[in-house]
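Lettering of chains follows the sequences in order, A, B, ..., and the numbering in each one begins at 1.
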Amino acid sequence: MSTPFSPEPPDAELVRRAKAGELDAFEALTNRYEQRVYGLAMRMLRQAQDAEDVTQQTFLSVLENLEGFRGDSSFSTWVLRIASHAALKIIRKRKGLPTVSLEEATEPSDNINSIPHPEFIADWRQSPAHLVEQHEVRRLLDDALARLDEKYRLVFLLRDAEGLSVKETAEALELSEGNVKIRLLRARLQLREDLTRALGDPARQLVRSPHHHQ
Amino acid sequence: MKCEELLAMLNEYVDGTVDPAICEEFERHMAGCNPCQVVVDNIRQTITLYRDGRPHALPMQFREKMHADLRKKWKEKFPAQ
Ligand SMILES: [Zn+2]
């Protein structure tokens with residue numbers, strides 16, 4: 001992204017300049033995050049019009065609330081938090097549920113005892129590096145995400161696809177870190193199960209022996 | 001360590017945040033338990049696929065419209081500039 005001759009200014013500097021009224025700085029921040037916000041929204045919602053609405057709302061909200069942003073979290077976490085909230089709102093609306101706060105939509109409800117065990121266990125036929133190049137794989141990944149409850153989906157996307165830390169994911173969704181971890185585990189296990197059924201080599205399927213306890 | 005205990009610590013292991021003593025136990029279990037080893041591999045591959053997968057590209061036409069809307073809003077907010 002950056003060259004030795006024109007280093008990209010860090011987010012914090014752009015935020016400072018945007019707060020001072022510099023439109024170029026605000027546009028630079030928008031350019032930096034719009035693709036990530038849209039990609040996250042598409043993976044949450046699978047519908048281009050809704051993903052565009054989320055993206056537009058997110059950056060309008062950034063514009064309107066920028067002076068209130070104190071930098072307690074990183075700018076990227078803040079932007080993804082706004083986008084997450086907007087995406088959840090659309091999901092609630094689709095389901096005909098009243099709009100609730102993010103806090104309520106993400107109330108704690110899981111414990112470690114309810115974690116499902118892996119069932120289909122097999123090595124994959126191809127490496128991830130090979131698979132990401134294939135067009136139909138995106139469809140497979142999106143289908144698997146769609147089968148995941150949105151509260152797990154959002155945690156997984158922020159942590160594993162967007163690369164936020166557990167702490168940042170917790171900040172973005174106003175969850176405890178413990179809650180993020182348990183949802184992440186659930187999401188990872190369910191996605192693994194789904195993808196392995198499609199990508200695993202049936203000839204190399206492993207079956208756990210029923211009394212395997214060591 | 002049992003398979004269930006390994007499962008409960010999977011995140012920490014995959015993310016490299018598990019403490020070294022437990023990490024060693026974890027790896028000893030995997031060395032003798034092929035299904036757990038494969039589950040851990042699968043999880044790592046799953047994460048890689050989503051992290052490196054093709055993003056849905058932001059439509060250019062929408063992008064231009066959004067930027068125009070944002071500039072307009074910006075000028076209402078900072079009329080002096
Ligand atoms: Zn095992």
Does the side chain of [X] reach to within under 4.5 Å of the side chain of [Y], using non-hydrogen atoms?
| X | Y | value |
| --- | --- | --- |
| A:Phe59 | B:Asp69 | no |
| B:His56 | A:Arg138 | yes |
| A:Arg159 | B:Asp15 | yes |
| A:Leu195 | B:Tyr50 | yes |

Worksheet item: Do you know the tightest heavy-atom contact between B:Leu7 and A:His117?
Response: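 The pair with the smallest heavy-atom distance is CD2-CD2, 3.5 Å.
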
Fill in: Minimum heavy-atom distance A:Gln35-B:Ala57, with the two atoms named
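So the two residues come closest at OE1-CA, 3.6 Å.
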
Item to complete: Please round to the nearest 0.5 Å and tell me the distance separating atom CD1 of B:Ile43 and atom CG of A:Leu189.
Response: 4.5 Å

Worksheet item: In Å and rounded to the nearest 0.5 Å, what is the CG to OG1 distance from A:Asp194 to B:Thr46?
Response: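 The CG atom of A:Asp194 sits 9.5 Å away from the OG1 atom of B:Thr46.
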
Worksheet item: Contact part of A:Leu40 toward chain B, heavy-atom cut-off under 4.5 Å: side chain, backbone, both or neither?
Response: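 Looking at A:Leu40, nothing touches chain B.
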
Fill in: chain A contact via B:Glu12 - side chain, backbone, both or neither, heavy atoms under 4.5 Å
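For B:Glu12, the contact with chain A is made by the side chain alone.
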
Worksheet item: Could you go step by step and tell me if B:Arg71 and A:Glu27 meet the salt bridge (charged side-chain N to carboxylate O under 4.0 Å, His left out) rule?
Response: CA-CA 8 Å; B:Arg71 274 194 292 272; A:Glu27 294 223 278; 3.1 Å; yes

Worksheet item: Which of parallel (below 30°), tilted (30 to 60°) and perpendicular (above 60°) describes A:Phe26 and B:Trp74?
Response: parallel

Worksheet item: Any luck finding a side-chain donor-acceptor pair between B:Arg63 and A:Asn31 under 3.5 Å?
Response: yes

Fill in: Residues in residues 42-50 of chain A near chain B [non-hydrogen atoms, under 4.5 Å]
A:Met42, A:Arg43

